[in-house]
Amino acid sequence: MTAAVGTMPIRVPRRELTALLLSAGVLLTLGIVMIGSASMDIAAESHGNPLYFVLRQSLYAVLGCLAGLAAANIPLVWWLRGAWLWLAGAFALLILVLTPLGITVNGSTRWISMGAVNLQVSEAAKWLLVVYLAGYVVRRHAEVVDTWPGVLKPLAVLGAASVLLLAQPDFGAVVVLMAAAFGVIFVSGVGVGRFLVVSLTGLALGVAALFSQPYRIERLVAYLDPWQDQFNSGYQLTQALIAFGRGEWTGVGLGNSIQKLFYLPEAHTDFIFAIAAEEFGLLGALCILMTFTVLVLSGLRIARQARDAGMTFGACLAYGLTLLIALQAYINMGVNTGLLPTKGLTLPLVSYGGSSLVISCVTIGVIARVQMEVEDQRAQEGGEP
């Protein structure tokens with residue numbers, strides 16, 4: 001759609017792109033506010049500065065917005081041509097974190113020091129692998145659709161990456177990565193029968209990995225009845241549920257959370273949604289859920305438009321990246337509410353963490369680029385963009 005001012009046509013963005021950017025901006029702003037609320041006491045205790053985390057998150061937000069803007073100006077063909085480079089980069093990161101360069105926190109080795117900041121390897125690796133897979137299903141489309149090797153070869157590559165992720169260990173990242181990968185393969189046009197076979201096989205392997213470690217079984221048991229051991233394995237979940245209970249309908253007010261006062265661990269990271277529910281109530285939590293839903297639906301609609309315009313790579317890329325955000329967001333909120341077993345996944349654009357925030361902003365930028373190229377293609381064809 002264009003509007004003319006004099007002789008200069010001005011393109012009006014489609015509502016999907018507006019909704020995508022607006023919802024992402026709301027979540028980003030909310031994240032900074034909630035991190036400020038949830039982290040002041042622990043920041044003062046651990047760093048001597050109550051604004052330590054919120055100032056760093058504000059800096060990450062600026063860097064993320066700049067990175068997202070840069071990503072929105074990179075042609076999609078650039079991501080397609082660099083597929084093998086992205087694959088090599090993902091595996092390099094996953095291997096490096098298991099060397100002495102890796103930083104171990106709470107028994108998990110998931111970070112690489114980059115001076116003043118730490119890079120969470122799984123966030124970057126998941127993103128790079130989805131970009132690689134989107135390029136693979138486009139370049140080998142006929143093979144993926146018609147043959148077993150076409151489906152199994154990329155899954156074998158992702159399986160190797162999953163083994164490295166489990167070595168950290170980061171089971172949550174494996175779940176998100178593989179679910180997004182199956183989504184990309186499905187929308188590429190693979191037969192339903194073949195897709196069901198590989199999906200059920202992947203599900204069986206995931207269940208086997210779940211029961212392969214005692215601490216994962218312990219978390220599963222705690223999920224089924226967290227109050228049975230509320231001061232040990234069920235501690236995080238019970239404290240999160242208390243936060244939801246205290247929030248009632250409209251919350252206790254911004255900054256008035258009790259659970260953030262050293263009761264709920266990781267209040268400004270993995271369990272920030274519970275603090276938001278305590279301070280803004282059920283209505284506030286539902287607003288956050290709906291904002292994520294608007295973001296996800298906008299990404300999926302942009303992907304569908306790319307598919308309808310014949311931009312197969314753009315469609316697969318937008319589908320895959322949207323699924324990354326959607327899966328991580330809904331799993332995090334499910335964990336906070338006790339609908340899913342406890343996993344260490346951040347809430348995209350909201351939780352504290354530079355790696356997650358910057359990668360999420362880049363994701364929004366790339367999805368926006370897909371919409372921009374769809375509009376450009378329609379304009380060149382003489383249609384209405």
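Nothing fancy with the numbering, it's 1 onward along the sequence.
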Measuring only between side-chain heavy atoms, which start at C-beta, is [X] closer than 4.5 Å to [Y]?
| X | Y | result |
| --- | --- | --- |
| Ile42 | Ser39 | yes |
| Phe280 | Leu254 | yes |
| Asn332 | Phe273 | yes |
| Leu155 | Ile185 | yes |
| Gln305 | Arg378 | yes |
| Ile112 | Val121 | yes |
| Val131 | Leu317 | yes |
| Trp127 | Val366 | yes |

Throw together a table of side-chain donor-acceptor distances under 3.5 angstrom for residues 77-86, partners on residues two or more places apart or in other chains.
from, atom 1, to, atom 2, distance (Å)
Trp86, NE1, Trp79, O, 2.9
Trp86, NE1, Gly82, O, 3.2

At their closest point, which heavy atom of [X] faces which heavy atom of [Y], and how far apart are they?
| X | Y | value |
| --- | --- | --- |
| Ala19 | Ser298 | CB-OG, 3.2 Å |
| Ala274 | Leu264 | CB-CD2, 4.0 Å |
| Ile359 | Ala124 | CD1-CA, 4.2 Å |
| Ala267 | Ala38 | O-CB, 3.9 Å |
| Ala67 | Val362 | CB-CG2, 3.7 Å |
| Val97 | Thr109 | O-CG2, 3.1 Å |

Within this structure, what is the [atom1]-[atom2] distance for the pair [X] and [Y], rounded to the nearest 0.5 Å?
| X | Y | atom1 | atom2 | result |
| --- | --- | --- | --- | --- |
| His268 | Tyr52 | NE2 | OH | 9.5 Å |
| Leu76 | Met311 | CG | CE | 5.5 Å |
| Ile302 | Met372 | CD1 | CE | 11.0 Å |
| Leu261 | Glu45 | CG | CD | 11.5 Å |
| Trp111 | Ile103 | CH2 | CD1 | 9.0 Å |
| Leu152 | Thr147 | CG | OG1 | 8.5 Å |

query = For Leu196, what are the other residues in its hydrophobic cluster, where any two members join if their side-chain heavy atoms are less than 4.5 angstrom apart?
reply =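 Answer for Leu196: Val192.
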ask   = Mind checking who shares a hydrophobic cluster with Ile242, ILVMFWY linked at side-chain heavy-atom distances under 4.5 Å?
value =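 Taking Ile, Leu, Val, Met, Phe, Trp and Tyr as members, Ile242 shares its hydrophobic cluster with Trp227, Leu237, Leu241.
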May I ask whether [X] and [Y] are part of the same hydrophobic cluster, defined by side-chain heavy atoms of I, L, V, M, F, W, Y residues being less than 4.5 angstrom apart, directly or through others?
| X | Y | value |
| --- | --- | --- |
| Met290 | Val296 | no |
| Leu297 | Val26 | no |
| Leu69 | Ile325 | no |
| Val294 | Leu324 | no |
| Leu55 | Val62 | no |

remark   = Of Leu295, Leu22, Ile364, the one forming a side-chain contact (heavy atoms from CB on, under 4.5 Å) with Leu27 is Leu295
task = Output, in order, the C-alpha distance, side-chain angles, deciding distance and verdict of side chain to side chain contact (heavy atoms under 4.5 Å, CB included) for Leu282 and Phe244.
result = CA-CA 8 Å; Leu282 175 62; Phe244 277 92; over 6 Å; no
Donor-acceptor contacts under 3.5 Å from residues 172-184 side chains, at least two apart:
none

query = Run the side chain to side chain contact (heavy atoms under 4.5 Å, CB included) check on Ile331 and Val335 step by step: do they pass?
reply = CA-CA 6 Å; Ile331 289 175; Val335 166; 4.3 Å; yes
query = Hey, would you say the Phe271 and Tyr263 ring centroids sit under 6.0 Å apart?
reply =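 No.
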Is it the case that the side chain of [X] and the backbone of [Y] share a donor-acceptor pair, with hydrogens and angles ignored and the cut-off at 3.5 Å?
| X | Y | value |
| --- | --- | --- |
| Glu279 | Gly255 | yes |
| Asp41 | Phe262 | no |
| Thr322 | Tyr319 | no |
| Asn336 | Ile275 | no |

Enumerate the salt bridge (charged side-chain N to carboxylate O under 4.0 Å, His left out) contacts for [range], please, sequence neighbours excluded, ordered by first and then second residue.
| range | result |
| --- | --- |
| residues 139-164 | Arg140-Glu143, Glu143-Lys153 |
| residues 236-253 | Arg246-Glu278 |
| residues 303-323 | none |
| residues 348-370 | Arg369-Glu373 |

key: side-chain hydrogen bond (donor to acceptor under 3.5 Å, both in side chains) partners of Thr293, counting only residues at least two apart   =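 Result, side-chain hydrogen bond (donor to acceptor under 3.5 Å, both in side chains) vs Thr293: Tyr330.
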ask   = After noting the C-alpha distance and the side-chain angles of Val145 and Val190, does the key distance pass the side chain to side chain contact (heavy atoms under 4.5 Å, CB included) rule?
value = CA-CA 4 Å; Val145 171; Val190 67; 5.5 Å; no
Side-chain atoms of residues 345-357: list all donor-acceptor pairs with protein atoms under 3.5 Å, sequence neighbours left out, distances to 0.1 Å.
from, atom 1, to, atom 2, distance (Å)
Thr346, OG1, Gln328, NE2, 3.1
Thr346, OG1, Ser356, OG, 3.2
Ser351, OG, Thr269, O, 2.6
Ser351, OG, Leu347, N, 2.8
Tyr352, OH, Arg56, NE, 3.1
Ser355, OG, Asn118, O, 3.4
Ser355, OG, Gln120, N, 2.8

Give the table of side-chain donor-acceptor pairs shorter than 3.5 Å for residues 157-169, with sequence neighbours excluded, one pair per line with atom names and distance.
from, atom 1, to, atom 2, distance (Å)
Ser162, OG, Leu158, O, 2.9

query = After noting the C-alpha distance and the side-chain angles of Glu16 and Gln371, does the key distance pass the side chain to side chain donor-acceptor pair (under 3.5 Å) rule?
reply = CA-CA 8 Å; Glu16 290 83 1; Gln371 178 66 28; 4.9 Å; no
query = Can Leu51 and Val54 be said to form a side chain to side chain contact (heavy atoms under 4.5 Å, CB included), step by step?
reply = CA-CA 5 Å; Leu51 300 178; Val54 70; 3.9 Å; yes
request  = If a pair satisfies side-chain hydrogen bond (donor to acceptor under 3.5 Å, both in side chains) and one of its residues is in residues 169-198, list it, with sequence neighbours excluded.
outcome  = Ser122-Asp170
